[in-house]
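Structure first, then comments.
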Amino acid sequence: MVLLSFDIEEFDMPLEYKGEISFEKQISISQHGLENILDILKKHQVKATFFSTVVFAENSRHLIERLLNEGHELASHTWFHSEFEEKHLKESRERLEEVFSTKVTGLRMPRMMPVNEKAVETAGYSYNSSINPTFLPGRYNNLKVPRTYYDEGNVRQIPASVSPNFRIPLFWLSFHNFPLSFYKKLASDVLKKDKYLNIYFHPWEFSEIKDEAFRLPGFTTKNTGKEMVERFDEFVGWLKSKNYTFGTFQEFQKQLES
């Protein structure tokens with residue numbers, strides 16, 4: 001099963017690099033990207049999971065309603081993208097359920113931040129996909145974490161996919177910077193070995209973000225915007241041609257339990 005997921009959030013990454021961007025632009029850039037994502041998924045008739053901050057969801061109700069109406073899953077990316085308190089775990093889940101009348105069972109922390117797993121369980125989640133089981137200088141070192149899903153208490157941990165050899169991450173930066181043929185090879189290796197592929201992206205990748213005011217490094221903006229739309233469209237079409245099944249995290253959970 002292919003698990004496509006998207007962390008839908010206010011596009012505040014320029015602030016990490018001392019760039020300038022208004023809150024309104026943070027939201028509008030992500031909204032435009034989300035529209036492009038939903039159009040591609042609809043074209044190929046595949047389902048995905050969307051981890052949303054409450055801030056983005058409340059400012060984009062029409063798009064959240066659209067993704068739910070088109071059969072996708074809504075999960076929590078906590079309340080804010082760059083501010084976190086433990087109480088946000090439960091509060092964000094409850095708020096998303098209240099506003100959109102859907103069952104929220106999954107969590108992904110912003111920037112894959114560490115989180116107290118007991119607090120995740122207490123907050124009512126059945127799965128957590130907040131671990132990239134690789135080494136990323138300056139961000140995290142998770143080489144001792146299992147590559148594939150495992151249970152911690154009553155919460156299933158579903159790490160992002162990495163290659164069976166050398167733990168090369170298949171996350172969004174790899175998709176932008178690797179030749180697509182090499183990325184496809186890594187994806188094939190993971191699907192053959194693990195029987196599933198868990199990869200994640202963001203809506204702003206599907207928007208134009210090559211703005212000098214944002215001060216973003218080239219490795220974050222390479223193959224974004226129109227190039228990303230075309231690249232992702234080709235990739236999903238390639239996966240479909242190989243007859244892989246696509247599903248939401250909730251569907252994956254049910255499959256594991258059956």
Side-chain angles (χ1 to χ4, degrees), residues 3-16 21 23-31 33-34 37 48-61 63-65 67-68 72-133 136 139-140 142 145 149 152-160 171-173 198-205 220 248-250 252-253:
L3 302 174
L4 295 177
S5 65
F6 304 88
D7 296 352
I8 54 177
E9 62 210 24
E10 51 277 27
F11 175 51
D12 58 4
M13 189 167 70
L15 303 181
E16 288 185 66
I21 185 170
F23 176 74
E24 291 73 24
K25 200 159 190 176
Q26 292 177 35
I27 296 295
S28 65
I29 284 175
S30 285
Q31 287 175 336
L34 180 51
I37 291 167
T49 300
F50 292 83
F51 295 87
S52 183
T53 64
V54 172
V55 169
F56 181 76
E58 290 191 328
N59 282 277
S60 313
R61 295 194 184 198
L63 289 172
I64 304 299
E65 288 166 358
L67 72 86
L68 288 169
H72 304 297
E73 176 190 351
L74 180 65
S76 175
H77 203 39
T78 72
W79 201 285
F80 307 96
H81 191 245
S82 292
E83 180 185 330
F84 175 71
E85 296 178 40
E86 208 168 83
K87 66 178 184 176
H88 294 159
L89 295 172
K90 185 170 187 286
E91 290 176 352
S92 64
R93 181 185 63 76
E94 292 178 339
R95 181 61 176 163
L96 292 172
E97 289 186 338
E98 174 192 355
V99 175
F100 299 104
S101 301
T102 189
K103 185 69 174 171
V104 172
T105 60
L107 169 73
R108 178 173 291 145
M109 292 295 292
R111 299 183 178 91
M112 295 290 205
M113 285 194 317
V115 63
N116 183 306
E117 289 304 334
K118 190 62 183 175
V120 173
E121 182 176 334
T122 301
Y125 295 97
S126 65
Y127 74 84
N128 180 12
S129 185
S130 301
I131 298 173
N132 200 340
L136 194 65
R139 186 72 81 175
Y140 38 68
N142 294 321
V145 174
Y149 65 86
E152 193 163 346
N154 292 316
V155 178
R156 177 157 291 142
Q157 305 295 323
I158 311 178
F171 67 152
W172 64 282
L173 280 174
N198 174 16
I199 51 178
Y200 66 97
F201 306 91
H202 310 84
W204 39 263
E205 299 171 55
T220 65
T248 65
F249 278 75
Q250 288 177 344
F252 182 62
Q253 284 273 74

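As the structure is a computational prediction, the values presented were derived from the model and not from experiment. Computed from heavy atoms alone, side chains included, the values below leave out hydrogens, waters and symmetry copies.
- Contact annotation: the side chain of Glu73 approaches that of Phe249 to within less than 4.5 Å [non-hydrogen atoms, C-beta and beyond].
- Heavy-atom contacts from other residues, nucleotides or ligands closer than 6.0 Å to OH of Tyr149 number 12 or fewer.
- With contacts defined as side-chain heavy-atom distances shorter than 4.5 Å, the pair Phe50/Ile64 does not qualify.
- In this structure the side chain of Leu107 never reaches within 4.5 angstrom of the side chain of Tyr127, judged on heavy atoms.
- Between the side chains of Tyr200 and Asp7, no donor-acceptor pair is found at a separation under 3.5 Å.
- Aromatic ring centroids of Phe6 and Phe51 lie 6.0 Å or more apart.
- Side chain to side chain, Glu91 and His88 fail the donor-acceptor criterion of an N or O pair below 3.5 Å.
- Qualifying side-chain contact (heavy atoms from CB on, under 4.5 Å) partners for Pro110, counting only residues two or more places apart in sequence or in other chains: His77, Thr78, His81.
- The closest donor-acceptor contact from the side chain of Thr122 to the backbone of Ala119 lies at 3.5 Å or more, if one exists at all.
- Counting only N and O atoms by type, the side chains of Glu9 and Thr53 include no donor and acceptor under 3.5 Å apart.
- Checked against salt bridge (charged side-chain N to carboxylate O under 4.0 Å, His left out), Glu24 has no partners two or more places apart in sequence or in another chain.
- In this structure, CD in Glu97 is found 9.0 Å from CG in Leu74, a value given to the nearest 0.5 Å.
- Side-chain contact between Tyr125 and Thr105 is absent, with no heavy-atom pair separated by less than 4.5 Å.
- For the residue pair Asp12 and Gln26, no side-chain donor N or O sits within less than 3.5 Å of a side-chain acceptor on the partner.
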(message) Between Leu3 and Ile199, does the side chain to side chain contact (heavy atoms under 4.5 Å, CB included) criterion hold? Intermediate values first, please.
(response) CA-CA 6 Å; Leu3 302 174; Ile199 51 178; over 6 Å; no
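- The two residues Ser76 and Leu96 have their closest heavy-atom pair at CA-CD1, 3.9 Å.
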(request) I would like to know whether Leu89 and Met109 meet side chain to side chain contact (heavy atoms under 4.5 Å, CB included); could you show each step before the answer? (result) CA-CA 9 Å; Leu89 295 172; Met109 292 295 292; 4.0 Å; yes
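- Here CD1 of Ile29 is found 10.0 Å from CE of Met13. Values are rounded to the nearest 0.5 Å.
- The main-chain N or O of Ile158 is found under 3.5 Å from a side-chain atom of Ser129 such that the two form a donor-acceptor pair.
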(request) Go through the steps for Glu117 and Glu121 under the test side chain to side chain contact (heavy atoms under 4.5 Å, CB included), then give the verdict. (result) CA-CA 6 Å; Glu117 289 304 334; Glu121 182 176 334; over 6 Å; no
(request) Determine, step by step, whether Glu65 and Arg61 satisfy the salt bridge (Lys or Arg N to Asp or Glu O under 4.0 Å) criterion, reporting the C-alpha distance in whole Å, the side-chain angles of both residues, the deciding distance to 0.1 Å, and the verdict. (result) CA-CA 6 Å; Glu65 288 166 358; Arg61 295 194 184 198; over 6 Å; no
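- In this model, no donor atom of one side chain and acceptor atom of the other lie less than 3.5 Å apart for Arg108 and Ser130.
- With 3.5 Å as the limit, one finds no donor-acceptor pair spanning the side chains of Ser30 and Glu10.
- Atom CZ in Phe11 sits 14.0 Å away from atom CD in Gln31 (nearest 0.5 Å).
- The distance from the CE atom of Met113 to the CZ atom of Arg111 is 8.0 Å, given to the nearest 0.5 Å.
- Residues meeting the salt bridge (charged side-chain N to carboxylate O under 4.0 Å, His left out) test with Arg139, sequence neighbours left out: Glu16.
- Heavy atoms only, all atoms of each residue included: Met112 and Ala160 are closest at CE-CB, 4.1 Å.
- Counting non-hydrogen atoms of other residues, nucleotides and ligands closer than 6.0 Å to CG of Asn116 gives a total above 12.
- A donor-acceptor pair under 3.5 Å is absent between the side-chain atoms of Arg156 and the main chain of Ser126, judged by distance alone.
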(request) Start with the C-alpha gap between Ile8 and Leu63, add the side-chain angles, then the distance that decides, and say whether side chain to side chain contact (heavy atoms under 4.5 Å, CB included) holds. (result) CA-CA 11 Å; Ile8 54 177; Leu63 289 172; over 6 Å; no
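- Taken from CH2 in Trp79 to NZ in Lys90, the straight-line distance is 11.5 Å, to the nearest 0.5 Å.
- Rounded to the nearest 0.5 Å, atoms OG (Ser52) and CD (Glu58) are 9.5 Å apart.
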